[in-house]
Every structure is written in structure tokens, then in C-alpha cells.
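Everything numeric in this text was worked out from a predicted model, so none of it was measured.
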Amino acid sequence: AQSVSQHNHHVILSEAASLELGCNYSYGGTVNLFWYVQYPGQHLQLLLKYFSGDPLVKGIKGFEAEFIKSKFSFNLRKPSVQWSDTAEYFCVGGTASKLTFGTGTRLQVTL
Amino acid sequence: DTGVSQDPRHKITKRGQNVTFRCDPISEHNRLYWYRQTLGQGPEFLTYFQNEAQLEKSRLLSDRFSAERPKGSFSTLEIQRTEQGDSAMYLCASSPSGGGGYEQYFGPGTRLTVT
């Protein structure tokens, strides 16, 4: 069965701190992994995606994620967070027919 | 840049009533998806269309739920005899066919409250 699990439900960081959000997946076959973000009052937006090639993928707003096949992980990172990064972050696995979301991590960045 | 649009954005209804939501995908996207999101959870897949064909349905989609995409463009999701447990955000997404990645573009959602 396809599943995605996120380790952190709520993370609070000060501005300029480094961020790493954990994600593990369980998938058979071809892996398509994503991180989506939902800013307060806005709809879900794609941060970055991985489906083949370089396991280190870069997304918008300085985010990156590394696909580590041996660990079944796809952690999201950002070296220095900003207050505007306050949002809910979802790790997602996908096929052509559907996406499977993790439960989400609520990130709160304080000034 | 016209993204995915959904109508209405909010719907309050009484238990037992029927409701219908509409989704307009990005115009060149032939794949369309419905998801449901409850508080504190990630979105859960409901159903998937490729053009007008409904190719996959989740077990979450009980017989009170029906979705259509008659001309392969907009889609409707109807819930009959609503129950309080149907209260949730209903999200629509679309994606183009072909290529890799299967990324989906989401609309703003319709928030349903059943009283």
C-alpha cells in the first residue's frame, strides 16, 4: 500500500533557524514524491517534486529535499527560515491517478 | 494565469439536504481529481477523471457521493442526504497528461458545514 508519514506535527522555529522536516514513504514501483505547502488562507501549492534523476531537488523559496532510497526518506530542508514560511507542509506520494498525503507539519516561525 | 476554480467557496447546509460543488480545472488539463480534507489531516483522495471517464474512486466515496465530468471540462461533486460527518473542505485539482511527475494543481476548495 502507498503511504507517507511525517514525523513532526508542529514545529516552532525562530527566524534564521535551519529547518528539516522528516518524511518517510512506503511505495511500490516508481516513486513520485512531492512537498506541498499551504500558507494561511491560501490553497495548496507545490514546493518541489522528485520523480527521477538527481536525488537532491530544489524548489521554490529556497527549499530543497533529498530522496534517499535506502532510508525511504524525502526530507525537506531550508537553511534559514523566514517569518513568511509559516505554513502547513505536506509530504506527498503520487501516481497518475492520485496523490497520497501525509498528515502535515505545521511550521510556525517566530520573529 | 487562470488556475483551478471552485464554486461555492463556502456552503452551509442542514443535515439531509443535497449539495453540489463545481470545479473548473486549468483549461489544458485533462486529468481532474477530488479530495476531502478534515481539520488536522492531509487531503484524502476521493476520485479521478481522465477527460470524461471516471477512472478511480476511493472507498471513501460512499453511494451518497457522485461525481461527474460530462464534457471532460468542468466537474461536479454531489453529496446526497448530507450528514454531519461530511463537514470538510472539498478540494479539486487538475493535471496535464503525459510527462513525468504527476504534479497536481489545486483549487481553493469548498468548505462544507453540515448543521
Is the count of non-hydrogen atoms from other residues, nucleotides or ligands lying under 6.0 Å from [X] atom [atom1] greater than 12?
{"X": "Phe72(A)", "atom1": "CZ", "answer": "no"}
{"X": "Gln108(A)", "atom1": "CD", "answer": "yes"}
{"X": "Leu60(B)", "atom1": "CG", "answer": "yes"}
{"X": "Arg64(B)", "atom1": "CZ", "answer": "yes"}
{"X": "Ile60(A)", "atom1": "CD1", "answer": "yes"}

Portion of [X] that has a non-hydrogen atom of chain A nearer than 4.5 angstrom:
{"X": "Glu56(B)", "value": "side chain"}
{"X": "Leu91(B)", "value": "side chain"}
{"X": "Phe49(B)", "value": "neither"}

Is there a path of hydrophobic side-chain contacts, each under 4.5 Å between heavy atoms, that joins [X] and [Y]?
{"X": "Leu112(B)", "Y": "Met89(B)", "result": "no"}
{"X": "Leu56(A)", "Y": "Phe34(A)", "result": "no"}
{"X": "Trp34(B)", "Y": "Phe45(B)", "result": "no"}
{"X": "Val114(B)", "Y": "Phe21(B)", "result": "yes"}

Could you check if a side-chain atom of [X] sits within less than 4.5 angstrom of a side-chain atom of [Y], using non-hydrogen atoms only?
{"X": "Tyr35(B)", "Y": "Phe101(A)", "result": "yes"}
{"X": "Tyr48(B)", "Y": "Leu99(A)", "result": "no"}
{"X": "Glu103(B)", "Y": "Tyr36(A)", "result": "yes"}
{"X": "Leu44(A)", "Y": "Pro43(B)", "result": "yes"}

Return the option, out of Gly102(A), Ala96(A), Gly94(A), with the maximum number of heavy-atom pairs under 4.5 Å with chain B.
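Top option by heavy-atom pairs under 4.5 Å: Ala96(A).
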
Look at Gly104(A), Ser52(A), Ser97(A) and state which one has the largest set of heavy-atom pairs under 4.5 Å with chain B.
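Max contact count across the listed options: Ser97(A).
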
Begin with the C-alpha distance, continue with both residues' side-chain angles, and end with the deciding distance and a verdict on side-chain contact (heavy atoms from CB on, under 4.5 Å) for Phe90(A) and Gln37(B).
CA-CA 12 Å; Phe90(A) 294 96; Gln37(B) 185 176 20; 3.5 Å; yes

Region of Gln42(A) that comes under 4.5 Å of a non-hydrogen atom in chain B:
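Neither part, no heavy atoms under 4.5 Å.
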
Given a strict heavy-atom distance threshold of 4.5 Å, which part of Thr100(A) is in contact with chain B: side chain, backbone, both, or neither?
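Thr100(A) has no heavy atom closer than 4.5 Å to chain B.
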
CZ of Phe106(B) to CD of Gln38(A): how many Å apart, nearest 0.5 Å?
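These two atoms lie 9.5 Å from each other.
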
Search all heavy atoms of His43(A) against all heavy atoms of Gly107(B) and return the closest pair with its distance.
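Smallest interatomic distance, heavy atoms only, reads CB-O, 3.3 Å.
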
